[in-house]
Enquirer: 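Quick one: this structure, given as structure tokens, is what I'll be asking you about.
Every number for a ligand or one of its atoms is a count from 1 in the order of the listing.
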Amino acid sequence: MKNTYKAVQVTRPGLVETVEKELPEPGPGEVLIKVEACGICGADAGVIEGLEKGINYPRVPGHEVVGTLYKTAEPLPAWLKPGQRVGVGRLGGHCNVCEQCRLGHFNLCQNQPVTGSSRDGGYAEYMLARVTGLVAIPDDLSSVDAAPLLCAGIATFNALKKSCAEAGATVVIQGMGGLGHLALQYARKMGFRVIAVGRGDDIADEVMALGAHHYVDIRKDDAVEAIKALGGAQVILSTITESAAVSALLPALTPQGQLMVVGVGKEPLTASPGLMIGRELSVKGAITGTAIELEKALKFSLLADVRARIEQRPLAQAKEAYDRMRSGQATFRMVLTVNHQ
Ligand SMILES: [Zn+2]
Ligand SMILES: [Zn+2]
């Protein structure tokens, strides 16, 4: 049996290299996954470019991981079988002990590894993961298709589910990147009237094909005025990181409307108290989801035919694929594939 594996590690911020590592043994509550595919997410910049504080380098990035169960230290729970396809998202598995876990809020567990950040992720042939973080992948969903749904998919799917929008409501999706193009598909399939807000008319046809009822091009139109002319929005789901542009959309909300935030911008959001009070508006964050919520997102994606638009690259081209994502040239989402020799 092979006892080493290839991993793409960030040795220090900005330095990404392929290394040969010793195959680790899973500890209690852990499994070793043989990776088949791993999505590239904007949040990987935290590790690769050193934008995130407190990373212990070297670190293997990647938190949209799909593979098969290769080795376990303990008997598997009844819902898992040896060799089964599983996924791991950004949240690396809850502890079952902290107060949030005892409340059943597993996505808010305070003792949870962050995949590809506080522990090694899926830019690799193998990866260790906590059993509590594992997601069963439906047979009809390919590993490549499942990967981006484990972060970009669940983040937007759950934010819409946790919002106050009911069927028929008008929902604005701000930002037409990796998250936004999934958000607008989910919003359409959940039964909302969808207004997509993006930059440039070159993507207009594609945005409409993905399910938007209306497209607002911020290069041409004032987004708030355009949304107001369409009757305003009950919910704005913002996927972008430019906080000023997120805050600027608040006046487009109807009374008791809600701004859902999933883009992690560094600058503070700003809001006029008069507007918030006068219309009883709210701003809410949503952090991906629990393992079982991820399974629901995957099942919904199959049922409603929601998929990320993907470009694939082999693991050996991880850095080039990451750079392409960062440059904004990728067709919505990049996924690394692992070819085991
Ligand atoms: Zn992510
Ligand atoms: Zn916990």
Side-chain angles (χ1 to χ4, degrees), residues 10 28-30 35 37-49 51-52 55 59-66 87-123 127 129-135 144-159 175 177-183 186 237-241 260-266 285-294 297-298 301 308-310 318 321-322 324-326 328 330 332-336:
V10 185
E30 286 182 344
V35 178
C38 182
I40 296 180
C41 178
D44 295 346
V47 172
I48 295 175
E49 296 170 32
L51 306 177
E52 210 176 305
I55 306 272
R59 179 62 74 222
V60 178
H63 57 264
E64 295 182 342
V65 193
V66 181
V88 186
R90 182 77 166 156
L91 303 176
H94 58 273
C95 75
N96 263 330
V97 174
C98 75
E99 187 167 4
Q100 292 302 319
C101 280
R102 293 176 64 210
L103 286 163
H105 305 156
F106 301 126
N107 62 326
L108 298 174
C109 170
Q110 299 302 296
N111 188 20
Q112 177 147 234
V114 181
T115 314
S117 173
S118 73
R119 76 178 300 173
D120 283 345
Y123 286 25
M127 184 188 112
R130 272 190 184 174
V131 171
T132 52
L134 297 180
V135 177
V144 167
D145 278 340
L149 303 179
L150 296 172
C151 178
I154 183 68
T156 53
F157 176 78
N158 251 11
L179 268 70
H181 90 293
L182 280 165
Y186 284 128
L237 170 54
S238 181
T239 67
I240 66 173
T241 54
M260 299 296 297
V261 184
V262 297
V264 188
K266 292 278 174 265
I287 177 166
T288 63
T290 63
I292 197 82
E293 286 173 324
L294 268 154
L298 296 182
S301 306
R309 298 276 170 94
I310 288 167
Y322 171 80
R324 185 164 165 77
M325 182 278 297
R326 284 295 270 172
F332 295 120
R333 209 74 182 164
M334 303 293 299
V335 177
L336 299 173

Enquirer: CG/Leu298 to CG/Leu150 distance, rounded to the nearest 0.5 angstrom?
Expert: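 So the CG of Leu298 and the CG of Leu150 are separated by 5.5 Å.
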Enquirer: Roughly how far, to the nearest 0.5 Å, is the CG atom of Asp44 from the CZ atom of Arg326?
Expert: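 Output value for this atom pair is 9.5 Å.
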Enquirer: Between SG of Cys95 and SG of Cys98, what angle is found at the Zn ion (ligand 2), rounded to 10 degrees?
Expert: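 That angle is 110°.
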Enquirer: Looking only at N, O or S atoms in His63, which is nearest to the Zn ion (ligand 1)?
Expert: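 It is NE2, the N, O or S atom of His63 closest to the Zn ion (ligand 1).
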Enquirer: Rounded to 10 degrees, what angle sits at the Zn ion (ligand 2) between Cys109 SG and Cys101 SG?
Expert: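 Roughly 100°, rounded to 10°.
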Enquirer: Do Arg119 and Glu30 sit within salt-bridge range, that is, some charged N less than 4.0 Å from a carboxylate O?
Expert: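 Here Arg119 pairs with Glu30 in a salt bridge, since their nearest N and O are under 4.0 Å apart.
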Enquirer: Short check: any N/O/S atom of His94 below 2.8 Å from the Zn ion (ligand 2)?
Expert: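 No, His94 does not qualify, because none of its backbone or side-chain N, O or S atoms lies under 2.8 Å.
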Enquirer: Out of curiosity, Leu91 CG to Thr115 OG1, how far, rounded to the nearest 0.5 Å?
Expert: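 The CG atom of Leu91 sits 7.5 Å away from the OG1 atom of Thr115.
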Enquirer: SG (Cys151) to the Zn ion (ligand 1) to SG (Cys41): angle, nearest 10 degrees?
Expert: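 Taking the Zn ion (ligand 1) as the apex, I get 130° for this pair.
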Enquirer: Hey, is CG on Leu51 packed in by over 12 heavy atoms from elsewhere, all under 6.0 Å?
Expert: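 Atom CG in Leu51 is packed in, count exceeds 12.
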